[in-house]
**Student:** 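Please see the structure below; I have some questions.
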Amino acid sequence: MDATFTYQKIVAYKLKMACSNPFTYCFLLFLSLIGSSIAASPSDDLLAWVQQDNRRFLNAVIRVTNLNRTIKFYTENFGMQVLRQSDIPHEKYSYAVLGFGPEDSHFVLQLRQNYGGEKLKLGTAFAHFGIATQDAYKMVEEIRARGGVITREAGPIEGGTTVFAFVQDPDGYMFELIQRPPTPEPLCQLMLHVSDLDSAIQFYEKALGMKLLQKYDSPEEQFAIAMVGYGSNLTQITTVELRYNYNVTEYTQGNGYVQVAINTDDVYRSAAAVKLVSQELGGNITRGPDPISKTTSFLDPDGFETVLVDNRRKKE
Ligand SMILES: *[C@@H]1O[C@H](CO)[C@@H](O)[C@H](O)[C@H]1NC(C)=O
Ligand SMILES: *[C@@H]1O[C@H](CO)[C@@H](O)[C@H](O)[C@H]1NC(C)=O
Ligand SMILES: *[C@@H]1O[C@H](CO)[C@@H](O)[C@H](O)[C@H]1NC(C)=O
Ligand SMILES: *[C@@H]1O[C@H](CO)[C@@H](O)[C@H](O)[C@H]1NC(C)=O
């Protein structure tokens, strides 16, 4: 029995019930039902469902050349905790999951070190992670004192109010330290370079159900950014910062930043929505939806990978 048939049966039933009432009510209901069945196509329903799905950022995966060195750097300098750590000998890598709180409620980083020790090429497409701190000046001084590399001193931009700094981890990954009031999600940002800002925003809104929280265009400095995420208060959640540098459309993906994972109540419907939006805006499903892992992977229009993980998936 297909969904359309069921829907028609419900409509017929509703009409039958309503028609035992006075004629005018029956007639109006009939009109409204006809109207709604014309207006809502299956693809509209799918995209509307995406907006209501139960999602958050789960984790981002990056490759590192020396797991212990990176763990030391993130725990000492950023205050992250090691949540779990393990070896996967049959796939020849070790990993550690680090974060500011338990994985079931926080966005976390998964660091992977391959046994082979292949060379890490960071590429130019992935830009940086953001860490929220209540005192960026103090964090910078402490990182400097431990020998860390500061690439931008703490302070606002001219005329701005947000205090921020940039530091580099031992592999060269950039971290923006953003001064903010206390937040439940200190691992608060990942910035990606895109070649067309408006279509990237549309993709993240329509295919992934994120909200556009902020947009900023600076013709003087030749760039534009947009912040998208789940939730409404930028300082309390994790966001993706999409950045368009004027007239730059070619970036290299490298092999450092791997992917970001997001959860969903239904990986099949999520994959169908991504497929639908990809036909219009670009992007590709690369794996699944897989009935065993209950995940699907896809590339956004700029080639960044996202994994959608079903909430019904059993914990590993
Ligand atoms: C990394 O640290 C763990 C425990 O802290 C230690 O057992 C392991 O030998 C270290 N690995 C390397 C390659 O130094
Ligand atoms: C965001 O949350 C912070 C902390 O709760 C609060 O101080 C701030 O006013 C909120 N901003 C907006 C725009 O609601
Ligand atoms: C450079 O980018 C800006 C903003 O996207 C655009 O308006 C302009 O036409 C571009 N210039 C060239 C030479 O492509
Ligand atoms: C998606 O796949 C199509 C066909 O295989 C290809 O032309 C396109 O470049 C791919 N897009 C991305 C973002 O990889």
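Read the numbers this way: they start at 1 and go in the same order the structure lists the ligands and their atoms. Note that the coordinates shown come from a computational prediction; the quantities given were computed from them, not determined experimentally.
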**Student:** Hey, are E153 and R144 close enough for a salt bridge, meaning a charged N less than 4.0 Å from a carboxylate O?
**Tutor:** yes
**Student:** Under the side-chain contact (heavy atoms from CB on, under 4.5 Å) test, which residues partner I292, sequence neighbours left out?
**Tutor:** D290
**Student:** What does the list of residues with a heavy atom under 4.0 Å from ligand 3 look like, ordered by chain and number?
**Tutor:** Y244, Y246, N247
**Student:** Less than 4.0 Å between a side-chain N and a carboxylate O, is that true for K206 and E280?
**Tutor:** yes
**Student:** Tell me, please, which residues at least two apart from N59 pass side-chain contact (heavy atoms from CB on, under 4.5 Å).
**Tutor:** V61, V108, A261
**Student:** Identify whether the distance between the nearest side-chain nitrogen and carboxylate oxygen of R269 and D310 falls below 4.0 Å.
**Tutor:** no
**Student:** Could you name each residue pair satisfying salt bridge (charged side-chain N to carboxylate O under 4.0 Å, His left out) that touches residues 225-245, not counting sequence neighbours?
**Tutor:** none
**Student:** At less than 4.0 angstrom from any non-hydrogen atom of T235, what atoms of ligand 2 do you find?
**Tutor:** 1 (C), 2 (O), 3 (C)
